[in-house]
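Heads up: numbering here begins at 1 and tracks the sequence. Each ligand, and each atom within it, is numbered from 1 in the order the structure gives.
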Amino acid sequence: MGHCSNVHPARESEGPNPGLSKAMSKRALITGVAGQDGTYLAGLLLEKGYRVFGLQTRLGSGGLWRLRDMGILHRITMVDGDLLDLSSLVRAMEEAQPDEVYNLAAQSFVATSWNQPVLTAQVTGVGALHMLEAVRIANPAVRYYQASSSEMFGAVGTARQNESTPFHPRSPYAVSKLFSHWMTVNYRESFGLHASCGILFNHESPLRGREFVTRKVTDAVARIKLEKQSELRLGNVEAKRDWGFAGDYVEAMWLMLQQDAPDDYVVATGRSASVREMCRIAFAHVGLEYERYLVIDPAFYRPAEVDALKGDASKARTVLGWQPRTCLEQLIPMMVDADLKRVTQE
Ligand code: NDP
Ligand code: GDR
């Protein structure tokens, strides 16, 4: 295994992490419950004894396969609603009567945000404001989590980004996330909501959508290995990201809402790698050399790129007692193995 010095496999001892018993009878409402993070978070909260409600859109494109694969679909109470429809969110709040709301729903694919900028602004930006309003109307005592993003940093001027790094968003997605981020801060300051933003850096898993680069690569590696595909077409392989494991990151979300005071936290591994390096790891896991299969295709270049991101999560470590437990050399093989299994069963 390569160097994994930035992660901490052993769980931290209790520290500022409140015990599990406190959460026994809590109720949580998760928007975007059927997405990657929603599924891991729902699993975590169920483990902790929560009653979990998930907002389900009628027009959703993604389906419920992740929750089904995880074996938890039957344990989640689905509530109809859409971030675009404030009244549906108020009703969802009334139905779920949650202690905690995790707003994970979004149009989350950066590349699509240039083709559907208005929809992205409406869902990812104004949609979060709708959720905040629903909380404010239905129960302002609720604890609220907003899924902010390292994409808000964008064209960074610093080697590492923390909570004080200035934002310079580079896509309609990032601009929309910045709106929802500042709205959450504003509702905290204006109305005293217990509202926290997690500024999460990229996090991946076998449940990642295939349009995102890690999963696109691990899926292609499986297909190439099983001789169902001959090449992999990518855009800018020199872009660098700080990649972590979604299963680790949802723990940070939960920890934020267990604190006495709401706040904003960067969540990251502190290590950055290029798309090229990530490809090398993925192909090497099945004994192949990525150079033989990689085709650079300008169709996947973005109108404005975020060249490099690397997070500094020291505040999350100090205040929340959170640390990543999975490094890239574990994460990518885990994803390749899952895709090999899936492609074999197709
Ligand atoms: P996904 O794209 O996997 O999940 C997003 C979910 O939002 C989907 O279940 C989708 O449902 C739902 N959704 C979309 N539009 C609406 C709508 N109008 N009303 C209600 N639900 C809707 O994202 P992730 O799980 O990867 O990410 C979770 C959140 O964290 C997102 O807000 C993302 O922007 C943010 N984030 C993610 C990071 C990452 O690396 N994964 C990093 C930083 C932030 P459907 O598919 O049915 O349309
Ligand atoms: P990102 O993730 O834009 O960082 O947003 P993505 O995996 O899409 O791209 C990462 C980097 O890889 C480069 N790249 C390619 N990307 C894709 N998708 N497809 C390709 O073929 C390709 N070739 C190169 C991209 O240009 C980019 O530099 C993710 C999402 O989960 C957001 O919702 C979240 O907020 C951020 O992470 C943090």
Check this for me - ligand 1, [X], N or O atoms closer than 3.5 angstrom, yes or no?
| X | value |
| --- | --- |
| Gln36 | yes |
| Leu200 | no |
| Lys177 | yes |
| Ser150 | no |
| Tyr173 | yes |
| Arg208 | yes |
| Ser149 | no |
| Ser148 | no |
| Val33 | no |
| Gln107 | no |

*Can Lys26 be said to sit on top of Tyr50's aromatic six-ring, NZ or CZ under 6.0 Å from centre and within 45° of the ring axis?*
no
*Contact partition for Phe300 relative to ligand 2, non-hydrogen atoms under 4.0 Å*: side chain
*Within reach of ligand 2, part of Tyr301 (heavy-atom separation under 4.0 Å)*: neither
*Arg170 side chain reached by Arg302 side chain, heavy atoms, under 4.5 Å*: no
*Do Ile281 and Val336 come close enough that some side-chain heavy atom pair is under 4.5 Å?*
no
Can you pull out the closest protein heavy atom to [atom]? Residue, atom name and distance to 0.1 Å, please.
| atom | value |
| --- | --- |
| atom 18 (N) of ligand 2 | Glu211 O, 2.9 Å |
| atom 37 (O) of ligand 2 | Asn202 ND2, 3.1 Å |
| atom 20 (C) of ligand 2 | Lys216 NZ, 3.7 Å |
| atom 26 (O) of ligand 2 | Glu305 OE2, 2.6 Å |
| atom 27 (C) of ligand 2 | Arg241 NH2, 3.5 Å |
| atom 33 (O) of ligand 2 | Ser108 O, 2.6 Å |

Would you confirm whether [X], through its side chain, and [Y], through its main-chain N or O, come within 3.5 Å as a donor-acceptor pair?
| X | Y | result |
| --- | --- | --- |
| Asp242 | Gly311 | yes |
| His194 | Glu100 | no |
| Arg215 | Gly209 | no |
| Arg27 | Ala96 | yes |
| Lys177 | Ser149 | no |

So between [options], whose heavy atom ends up nearest [atom]?
| atom | options | answer |
| --- | --- | --- |
| atom 2 (O) of ligand 1 | Gly32, Gly81, Ser108, Ala268 | Ser108 |
| atom 23 (N) of ligand 2 | Gly235, Ala299, Ser274 | Gly235 |
| atom 7 (O) of ligand 1 | Ser88, Gly38, Ser180, Ala105 | Ala105 |
| atom 14 (C) of ligand 1 | Ala106, Ala246, Gly35 | Ala106 |
| atom 25 (O) of ligand 1 | Asp37, Thr124, Leu207 | Asp37 |
| atom 31 (O) of ligand 2 | Gln107, Glu151, Arg233, Arg208 | Arg208 |
| atom 16 (C) of ligand 1 | Leu67, Val123, Asn103 | Val123 |
| atom 24 (C) of ligand 2 | Leu234, Ile199, Asn236, Thr112 | Asn236 |

*For the residue pair Asn162 and Thr165, what are the closest heavy atoms and their distance?*
N-OG1, 2.8 Å
*Indicate the atoms forming the closest heavy-atom contact of Leu331 with Gly244, along with that distance.*
CD2-O, 3.3 Å
Taking 4.0 angstrom as the limit and counting only heavy atoms of [X], give me the atoms of ligand 2 inside it, by number and element.
| X | answer |
| --- | --- |
| Ser149 | 34 (C), 35 (O), 36 (C), 38 (C) |
| Ser150 | 38 (C) |
| Phe109 | 8 (O), 18 (N) |
| Tyr173 | 32 (C), 33 (O), 34 (C), 35 (O) |
| Ala239 | 28 (O) |
| Val110 | 3 (O), 5 (O) |

*asked:* Pairs of nitrogen or oxygen atoms closer than 3.5 Å, one from Arg302 and one from ligand 2: do any exist?
replied: yes
*asked:* For ligand 2, which is the ligand I care about here, please tell me if Val213 has any N or O atom under 3.5 Å from one of the ligand's N or O atoms.
replied: yes
*Please identify which atoms of ligand 1 are closer than 4.0 Å to at least one heavy atom of Asn202.*
40 (O)
*Near Ala147, which atoms of ligand 1 are under 4.0 Å from a heavy atom of that residue?*
29 (C), 30 (O), 32 (O), 35 (C)
*Please find out if less than 6.0 Å separates the ring center of Tyr145 from that of Trp254.*
no
_One residue to check: Thr57. Relative to ligand 1, which of side chain, backbone, both or neither has a non-hydrogen atom less than 4.0 Å away?_
side chain
*Examine ligand 2 and decide if any of its atoms is less than 4.0 Å from a heavy atom belonging to Ala111.*
no
_Ala34 touching ligand 1 at heavy-atom level, < 4.0 angstrom_ = yes
*State which residues pass ring-ring contact (aromatic ring centres under 6.0 Å, His included) with Phe283; sequence neighbours excluded, sorted by chain then number.*
Tyr293
Run the side-chain donor-acceptor check on residues 131-140: report pairs under 3.5 Å with partners two or more places apart or on a different chain.
from   : atom 1 : to     : atom 2 : distance (Å)
Glu133 : OE2    : Arg136 : NH1    : 2.7
Glu133 : OE2    : Tyr187 : OH     : 2.7
Asn139 : OD1    : Ala141 : N      : 3.0

